Amino acid sequence: MEERKTKLLIIGSGPAGYTAGIYASRANLQPLIYEGNQPGGQLTQTTEIENFPGYPEGVQGPEMMQDLRRQAERFGAEVISQTIEKVDFSHRPFVCEDDHGHKVIADAVIICTGAKAKYLGLEDEQKYNGLGVSACATCDGFFYRKKDVAVVGGGDTACEEALYLSTLCRKVYMIVRKDYLRASKAMQHRVRSRENIEILFKCNTVGLYGQDGVEGVHLVRNKGEQNEEKFDIEVEGFFLAIGHKPSTDIFRGQIEMDEEGYIRTNAPNTSTNVSGVFAAGDCADPIYRQAVSAAGTGCRAALDAERYLLDHNEF
Ligand code: NDP
């Protein structure tokens with residue numbers, strides 16, 4: 001079995017992982033970045049990013065991630081296109097194992113594994129997975145050109161997905177369980193002024209139907225109230241945009257997390273309850289979950305790891 005030693009292992013490759021890589025490589029730590037099975041993280045599934053400082057005209061998500069990766073590599077970070085599948089944080093150096101069974105022995109670890117889209121938990125989501133159900137409009141919207149689709153959720157992601165789909169599709173329904181949108185005012189305004197978006201407030205999805213793929217959604221309005229009403233909408237695409245779950249399952253039992261699986265850090269420090277293990281980005285952030293805040297914590301984690309390695313004479 002192949003074995004590699006490193007001063008610093010960075011697990012994950014979104015804005016947090018790459019920024020940690022930039023800082024750590026400039027500090028001559030020669031970090032290994034395991035980029036995982038979605039290199040570049042969630043932002044590679046988004047279109048234009050308008051709120052990352054330094055891009056007055058906006059930037060495409062995948063392009064920004066490639067730039068960040070190149071910037072980390074320029075200073076000596078090594079990016080490995082594999083996934084870390086097991087970790088043992090019970091003693092130092094830490095022993096981690098990748099999906100090829102290779103061991104990585106690390107003096108310090110920064111976890112930047114991000115978060116993944118949530119599903120409603122309906123059986124039909126599994127049944128029609130890839131047959132009309134998707135959690136990424138940017139990836140799959142193209143298949144629904146000139147068709148009718150639905151987006152579930154009322155946050156910024158749902159609005160962003162609905163706006164994107166409205167440029168491709170004939171009609172976009174937004175299925176919102178409350179009687180208001182949670183999204184920012186600017187997003188709400190854009191959605192409300194788009195003619196082919198219809199918002200279905202106080203509606204819950206109870207199922208999907210269709211022969212060989214999604215043909216429609218069973219909905220209930222005003223669930224549990226006197227005026228409860230069941231109805232269907234005919235759509236061919238059903239897009240989930242109801243938030244995210246941190247990708248931290250492999251660290252369960254190894255490190256302290258909250259009940260949702262977000263890694264607990266000793267804020268403002270990025271250290272965890274395991275000395276030498278740090279966490280940055282969405283996997284440790286249930287509140288802000290922004291590219292720029294993820295990049296910020298990635299920077300802090302690299303500085304924290306550098307200080308830790310100096311204090312332990314490993315650098
Ligand atoms: P949010 O948690 O903000 O919103 C999730 C939405 O999904 C809410 O409307 C919520 O409803 C709804 N929802 C959750 N669970 C269910 C369910 N089981 N059934 C039906 N509806 C459900 O998540 P987002 O992914 O939208 O955003 C996460 C963060 O990222 C936010 O801070 C957001 O501002 C930010 N963001 C910013 C963007 C930008 O600035 N360009 C783009 C995208 C995200 P309810 O309100 O009832 O809880």
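Keep in mind the model is a prediction, meaning the values are calculated, not measured. Just so it is clear, the values below take in all heavy atoms, side chains as well, and ignore hydrogens, waters and symmetry mates.
Gln254 contributes atom CD, which lies 10.5 Å from atom CG of Asn273 (distance to the nearest 0.5 angstrom). Here CD of Glu306 is found 10.0 Å from CG of Leu8. Values are rounded to the nearest 0.5 Å. The distance from the CG atom of Leu181 to the CD atom of Gln188 is 4.5 Å, given to the nearest 0.5 Å. Note that the CD atom of Glu97 and the CD1 atom of Ile84 stand 9.0 Å from one another [nearest 0.5 Å]. With values rounded to the nearest 0.5 angstrom, Met174 atom CE is found 7.0 Å from Ile197 atom CD1. Considering SG of Cys169 and OH of Tyr164, their distance stands at 9.0 Å, rounded to 0.5 Å.
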(message) Walk me through whether Ser275 and Tyr308 qualify under side-chain contact (heavy atoms from CB on, under 4.5 Å).
(response) CA-CA 9 Å; Ser275 174; Tyr308 167 86; 3.3 Å; yes
(request) Test side-chain contact (heavy atoms from CB on, under 4.5 Å) on Lys7 and Gln30 and set out the steps. (result) CA-CA 7 Å; Lys7 285 192 271 274; Gln30 296 151 333; 3.7 Å; yes
(request) Any chance you could lay out the side-chain contact (heavy atoms from CB on, under 4.5 Å) test for Val235 and Tyr144, step after step, and finish with the verdict? (result) CA-CA 10 Å; Val235 294; Tyr144 302 94; over 6 Å; no
(request) Report the C-alpha distance between Lys86 and Ile250 in whole Å, list the side-chain angles of each, state the deciding distance to 0.1 Å, and finish with yes or no for side-chain contact (heavy atoms from CB on, under 4.5 Å). (result) CA-CA 6 Å; Lys86 264 193 222 156; Ile250 64 162; over 6 Å; no
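Put simply, the side chain of Glu63 never gets that close to the backbone of Val59: no donor and acceptor are under 3.5 Å apart. Judged by distance alone, the side chain of His102 and the main-chain N or O of Asp98 form no donor-acceptor pair under 3.5 Å. A donor-acceptor pair under 3.5 Å is formed between the side chain of Glu125 and the backbone N or O of Gly121. Looking only at distances, a side-chain donor or acceptor of Thr272 sits under 3.5 Å from a matching main-chain atom of Val274. Glu225 contributes no side-chain N or O that, together with a main-chain N or O of Glu228, makes up a donor-acceptor pair within less than 3.5 Å. Listed for the Thr113 side chain is a donor-acceptor partner under 3.5 Å among the backbone atoms of Ser247. Judged by distance alone, the side chain of Ser13 and the main-chain N or O of Gly40 form a donor-acceptor pair under 3.5 Å. In this structure, the side chain of Thr297 engages the main chain of Ala294 through a donor-acceptor pair within 3.5 Å.
Heavy-atom contacts from other residues, nucleotides or ligands closer than 6.0 Å to CZ of Phe231 number more than 12. When the shell of 6.0 Å around CD of Glu123 is examined, it contains 12 or fewer heavy atoms from other residues, nucleotides or ligands. Atom OH of Tyr288 has 12 or fewer neighbouring heavy atoms from other residues, nucleotides or ligands inside a 6.0 Å radius. Under a cut-off of 6.0 angstrom, the local environment of OH in Tyr23 is sparse, with at most 12 non-hydrogen atoms contributed by other residues, nucleotides or ligands.
Val104 and Leu29 sit in two unconnected hydrophobic clusters of ILVMFWY residues. Membership requires side-chain heavy atoms under 4.5 Å apart, directly or through other members. Criterion: ILVMFWY side-chain heavy atoms under 4.5 Å apart, direct or through other members. Under it, Val176 and Val206 are not part of a common hydrophobic cluster. Hydrophobic clustering (side-chain heavy atoms under 4.5 Å, transitive across Ile, Leu, Val, Met, Phe, Trp, Tyr) groups Val277 together with Ile11. Grouping the Ile, Leu, Val, Met, Phe, Trp and Tyr side chains by contacts below 4.5 angstrom, directly or via other members, places Val220 apart from Ile242. The cluster map of Ile, Leu, Val, Met, Phe, Trp and Tyr, joined by side-chain heavy atoms under 4.5 Å apart, puts Tyr34 and Ile105 in different clusters.
Using a 4.5 Å heavy-atom cutoff, the side chains of Leu131 and Val214 are not in contact. A 4.5 Å side-chain heavy-atom check between Val172 and Phe239 finds every atom pair outside the cut-off. Residues Glu78 and Arg4 meet the side-chain proximity criterion, which asks for heavy atoms closer than 4.5 Å. At a threshold of 4.5 Å between non-hydrogen side-chain atoms, the residues Pro15 and Met65 count as touching. Contact of the Glu35 side chain with the Arg69 side chain is registered, since non-hydrogen atoms from C-beta on lie closer than 4.5 Å. Side-chain contact between Gln71 and Leu68 is present, with heavy atoms from C-beta onward closer than 4.5 Å. At least one side-chain heavy atom of Thr167 sits under 4.5 Å from a side-chain heavy atom of Arg194. By the 4.5 Å heavy-atom criterion applied to side chains, Pro246 and Ile263 are not counted as neighbours.
Residues that satisfy the salt bridge (Lys or Arg N to Asp or Glu O under 4.0 Å) test with Arg221, not counting sequence neighbours, are Glu229.
Side chains of Ser271 and Asp304: a donor-acceptor N/O pair is absent below 3.5 angstrom, by distance only.
Ion pairing of Asp148 with Arg170 is present here, as a side-chain N (NZ or NE/NH1/NH2) and a carboxylate O approach within less than 4.0 Å.
Gly17 and Ile33 get closest at one heavy-atom pair: O-CD1, 4.1 Å. Nearest heavy atom pair, residue Leu200 against residue Tyr173, reads CD1-CD2, 3.8 Å. Taking both residues in full, the closest heavy atoms of Asn196 and Ser166 are given as ND2-O, 2.9 Å, listed atom of the first, atom of the second, then distance. The minimum heavy-atom distance between Ala106 and Leu9, with the atom names listed, is CB-CB, 3.8 Å. Between Met257 and Thr248 the shortest heavy-atom distance is CE-O, 3.2 Å. Across all non-hydrogen atoms, the minimal contact from Ala301 to Ala280 is CB-CB, 4.0 Å.
Checked against His218 for a side-chain hydrogen bond (donor to acceptor under 3.5 Å, both in side chains), the options Thr205, Asn204, Asp124, Asp232 give a single hit: Asp232.
Ring orientation note: the planes of Phe89 and Phe251 are close to parallel, at an angle under 30° on the 30°/60° scale.
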